[in-house]
Amino acid sequence: MTDRTLAEVLDAGLGWLFDTVQPDDAHQQHHGITIGLPHANRIYGFCPTGAANLPVVVVDVAKPELRPYALPLNPLGPDELFDLSSEMERRGFKVRKTWNGHPAVSGSVGLARTAHPTLVAAVARYHRGCTVHPARSVFCGCEHWRAEGARVIRPVLPTPAA
Ligand SMILES: [Zn+2]
């Protein structure tokens, strides 16, 4: 199996955030979706409505080696968050702000452009909760609620997840 590349992960995740039309009867949990990059020990997250209700792209060490009272053994690289931000800007996405990064095992890049309106609407439908069982809110496990969540269009990846 050919490992997917970071460019493919970003193509898929950013395409999902900004260019994918979601059905008007689907909901999406607000943390969004994650795409793994196993050979690099990374997981990338694409959150539609993070800080200031704007999209946030997150990079996490997939299998962090943590130690008590000490820094992790395998943090993000010193330039990794900067490089990720630069790649966003190169792709035409203005960066608002970054959080964390080296020497931590997680970093976030906040983008200035609003996610696709149909995705924002799907997140709003998630926050609204189950319409059949309003008292259960987002914690409902009924068929209707699960089917609504399952209708969200997922990112398209060229290679299967490892
Ligand atoms: Zn329900």
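Computed from a prediction, not measured in an experiment: that's the story for all the values here.
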Problem set entry | For V56 against A51, the heavy-atom pair lying closest together | CG2-N, 3.8 Å
Exercise. So do H102 and P78 actually touch side chain to side chain, heavy atoms under 4.5 Å?
Worked result: yes
For this session: Could you please spell out the steps behind the side-chain contact (heavy atoms from CB on, under 4.5 Å) verdict for R96 and V109?
Result: CA-CA 8 Å; R96 284 180 58 240; V109 179; over 6 Å; no
Seminar exercise, completed: The reported gap from CG in D24 to OG1 in T118 (rounded to nearest 0.5 angstrom) is 9.5 Å
Exercise. Within a strict 4.5 Å, meaning less than it, do heavy atoms of the P23 and I153 side chains meet?
Worked result: yes
For this session: Could you tell me whether a side-chain N or O of T34 sits under 3.5 Å from a main-chain N or O of G45, the two making a donor and an acceptor?
Result: no
Exercise. Atom NE2 in H30, atom CG in N53: separation rounded to 0.5 Å?
Worked result: 11.0 Å
Exercise. T20 and H116: side-chain contact (heavy atoms from CB on, under 4.5 Å), yes or no, with the steps?
Worked result: CA-CA 7 Å; T20 303; H116 195 282; over 6 Å; no
Problem set entry | Cluster overlap I33 with I43, hydrophobic side-chain contacts below 4.5 Å | no
For this session: Carefully, step by step, assess F46 and V9 under the rule side-chain contact (heavy atoms from CB on, under 4.5 Å).
Result: CA-CA 10 Å; F46 298 88; V9 169; 4.2 Å; yes
For this session: Taking the side chain as every heavy atom from C-beta outward, state whether C130 and C142 have any pair of such atoms under 4.5 Å apart.
Result: yes
Exercise. L111 versus V95: any side-chain heavy-atom pair under 4.5 Å?
Worked result: yes
For this session: Decide, yes or no, whether a salt bridge links D25 with R151 under the criterion of side-chain N to carboxylate O below 4.0 Å.
Result: yes
Exercise. So, for H133 and C140, which heavy atoms are closest and what is the spacing to 0.1 Å?
Worked result: ND1-SG, 3.4 Å
Problem set entry | CZ (R154) with more than 12 external heavy atoms under 6.0 Å | no
Exercise. Shortest non-hydrogen contact from N74 to K63?
Worked result: ND2-O, 3.0 Å
Problem set entry | Residue pair R4, D11: steps toward the salt bridge (charged side-chain N to carboxylate O under 4.0 Å, His left out) verdict | CA-CA 11 Å; R4 65 176 58 130; D11 286 346; over 6 Å; no
Exercise. Shortest non-hydrogen contact from L119 to P48?
Worked result: CD2-CB, 3.7 Å
Exercise. Does the side chain of V152 come within less than 4.5 Å of Q29's, by heavy atoms?
Worked result: no
Problem set entry | In one Ile/Leu/Val/Met/Phe/Trp/Tyr side-chain cluster, 4.5 Å: L14, V58 | no
Exercise. If only atom types and distance count, is the side chain of R125 paired as donor or acceptor with the main-chain N or O of G129 below 3.5 Å?
Worked result: no
Exercise. Given H27 and W145, is the ring pair (Phe, Tyr, Trp, His ring centres under 6.0 Å) satisfied, shown in steps?
Worked result: CA-CA 9 Å; H27 74 240; W145 179 243; 3.7 Å; yes
For this session: Begin from the C-alpha positions of H127 and V138 and carry the test side-chain contact (heavy atoms from CB on, under 4.5 Å) through to its verdict.
Result: CA-CA 7 Å; H127 286 303; V138 302; 5.6 Å; no
Problem set entry | Heavy-atom closest pair, residues I35 and G13 | CD1-N, 3.9 Å
For this session: Mark yes or no for whether Q28, through its side chain, and G149, through its backbone, hold a donor-acceptor pair below 3.5 Å.
Result: no
Exercise. From L81 CG over to S108 OG, what is the distance, rounded to the nearest 0.5 angstrom?
Worked result: 7.5 Å
For this session: Would you mind reporting whether Y44 and R42 have side-chain heavy atoms less than 4.5 Å apart?
Result: yes
Exercise. Looking at side-chain heavy atoms only, is the closest gap between L10 and M88 below 4.5 Å?
Worked result: yes
For this session: Could you check if a side-chain atom of E8 sits within less than 4.5 angstrom of a side-chain atom of L157, using non-hydrogen atoms only?
Result: no
Exercise. Between the side chain of E87 and the main-chain N/O of L84, is any donor-acceptor distance below 3.5 Å?
Worked result: no
Seminar exercise, completed: Here the gap from T49 atom OG1 to L54 atom CG, rounded to the nearest 0.5 Å, amounts to 9.5 Å
For this session: Indicate the atoms forming the closest heavy-atom contact of D60 with S106, along with that distance.
Result: OD1-OG, 2.5 Å
Problem set entry | ILVMFWY network linking L66 to V61, side-chain heavy atoms under 4.5 angstrom | yes
Exercise. Which word best sums up how the rings of F93 and F18 line up, parallel for under 30°, tilted for 30 to 60°, or perpendicular for over 60°?
Worked result: parallel
Exercise. With hydrophobic residues grouped by side-chain heavy-atom distances under 4.5 Å, do V59 and F82 end up in a single group?
Worked result: no
